[in-house]
Amino acid sequence: MVNMHIFLVGMAGAGKTSLGRRLAQNLNVPFVDTDQRVSEMLGGMTVNDIFATFGEPFFRNAETGALVELVGQPPCVVSTGGELCTFSENVMIMKNHGIIIHIDRPLDQIISDIKVDRRPLLAGGTHEDVIQQYNHCIGHYRAAADYRLDNSKGYVLGVRNLTELVESIR
């Protein structure tokens with residue numbers, strides 16, 4: 001049994017959600033995606049709709065609210081939104097209630113996979129926008145993380161390495 005929350009941070013397209021779901025299954029704990037949680041809190045609105053209707057500051061506050069709610073629950077695996085750890089209060093909440101793992105994937109792999117139309121900050125954007133967001137966020141991921149996972153070798157190896165990492169620190 002896991003005795004702490006496991007927070008996965010990294011770029012959209014790095015593998016936080018896919019690896020996190022499988023890690024949670026392997027550890028027999030719940031999996032939560034903060035974007036999905038915010039969507040549920042707002043009656044099922046999509047993240048893009050939340051941004052369009054209420055704006056980014058509202059979404060960021062809701063994201064922090066979701067995080068506060070999560071840390072009061074039994075330990076789980078949490079896939080965070082791509083910019084959640086760019087806010088120091090979110091990093092402090094995560095550090096006080098678990099471990100932070102940076103899911104790191106090379107930018108060229110992210111660009112080849114990411115669907116910019118599904119990302120509110122990139123909607124209508126280009127690969128240059130992905131590069132700009134990466135450059136804005138990468139230092140935050142590295143500074144916040146207790147551990148780093150290289151996710152450049154594919155899903156199967158990523159799941160295995162992430163599970164082994166978490167089991168080694170429990």
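The basis for the numbers below is simple: all heavy atoms, side chains too, and nothing from hydrogens, waters or symmetry mates.
Expressed to the nearest 0.5 Å, how far CG of Leu70 lies from OG1 of Thr34 amounts to 8.0 Å. With values rounded to the nearest 0.5 angstrom, Tyr147 atom OH is found 13.5 Å from Ile103 atom CD1. Rounded to the nearest 0.5 angstrom, Met94 CE and Ile100 CD1 are separated by 4.0 Å. Distance CG/Leu23 to CG/Asn161: 12.0 Å, rounded to 0.5 Å.
Residues in residues 54-73 take part in these ring-ring contact (aromatic ring centres under 6.0 Å, His included) pairs, two or more places apart or across chains: Phe51-Phe59, Phe54-Phe58. Counting only residues at least two apart or on different chains, the ring-ring contact (aromatic ring centres under 6.0 Å, His included) pairs with a member in residues 64-103 are His102-Tyr141.
Asp146 and Lys95 are joined by a salt bridge, as a carboxylate oxygen and a charged side-chain nitrogen come within less than 4.0 angstrom of each other.
The salt bridge (Lys or Arg N to Asp or Glu O under 4.0 Å) check on Asp104 picks up Arg148, with sequence neighbours excluded.
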Discussion item. Set out, in order, the CA-CA distance, both residues' side-chain angles and the distance that settles side-chain contact (heavy atoms from CB on, under 4.5 Å) for Ile101 and Val9, then state yes or no.
Written reply: CA-CA 6 Å; Ile101 301 173; Val9 302; over 6 Å; no
Worksheet item: Should Leu42 and Thr53 be marked as a side-chain contact (heavy atoms from CB on, under 4.5 Å) after you check the CA-CA gap, both sets of side-chain angles, and the distance that decides it?
Response: CA-CA 11 Å; Leu42 293 168; Thr53 304; over 6 Å; no
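Put simply, the side chain of Arg37 never gets that close to the backbone of Val32: no donor and acceptor are under 3.5 Å apart. Side chain of Lys153 to backbone of Gly158: no donor-acceptor contact under 3.5 angstrom is found. Side chain of Ser39 to main chain of Val47: no donor-acceptor pair is present (N/O by atom type, distance under 3.5 Å, no hydrogens or angles).
Nearest approach of Phe31 to Ala24, heavy atoms of both residues: CB-CB, 3.6 Å. Across all their heavy atoms, Gly13 and Arg105 have their closest contact at O-NH1, 2.6 Å. The shortest non-hydrogen separation linking Leu84 to Glu63 is CD1-CG, 3.5 Å.
In this structure, Val78 is not a member of the same hydrophobic cluster as Met41, with clusters built from ILVMFWY side-chain heavy atoms closer than 4.5 Å. Transitive grouping of hydrophobic side chains (ILVMFWY, heavy atoms separated by less than 4.5 Å) keeps Leu157 and Leu19 in distinct clusters.
Side chains of Asn26 and Arg22 form a contact here, defined as non-hydrogen atoms less than 4.5 Å apart. In this structure the side chain of Val159 reaches within 4.5 angstrom of the side chain of Thr163, judged on heavy atoms. Side-chain contact between Pro75 and Met4: absent, with no pair of heavy atoms (C-beta onward) separated by less than 4.5 Å. Ile131 places a side-chain heavy atom less than 4.5 Å from the side chain of Leu107. The side-chain heavy atoms of Thr86 and Val91, taken from C-beta on, include no pair separated by under 4.5 Å. Looking at heavy atoms from C-beta onward, Glu83 lies in side-chain contact with Gln133 at the 4.5 angstrom threshold. In this structure the side chain of Thr80 never reaches within 4.5 angstrom of the side chain of Leu8, judged on heavy atoms. Looking at heavy atoms from C-beta onward, Asn90 lies out of side-chain contact with Arg60 at the 4.5 angstrom threshold.
Taking the six-membered ring wherever Trp is involved, the centroid distance between the rings of His5 and Phe7 falls below 6.0 Å.
Judged by distance alone, the side chains of Ser152 and Asp150 do bring a donor and an acceptor atom under 3.5 Å apart. With 3.5 Å as the limit, one finds a donor-acceptor pair spanning the side chains of Thr17 and Ser79.
The environment of CE in Met92 is sparse: at most 12 heavy-atom neighbours from other residues, nucleotides or ligands sit within 6.0 Å. Counted within 6.0 Å of CD on Glu164, heavy atoms from surrounding residues, nucleotides or ligands total more than 12; the atom is thus considered enclosed.
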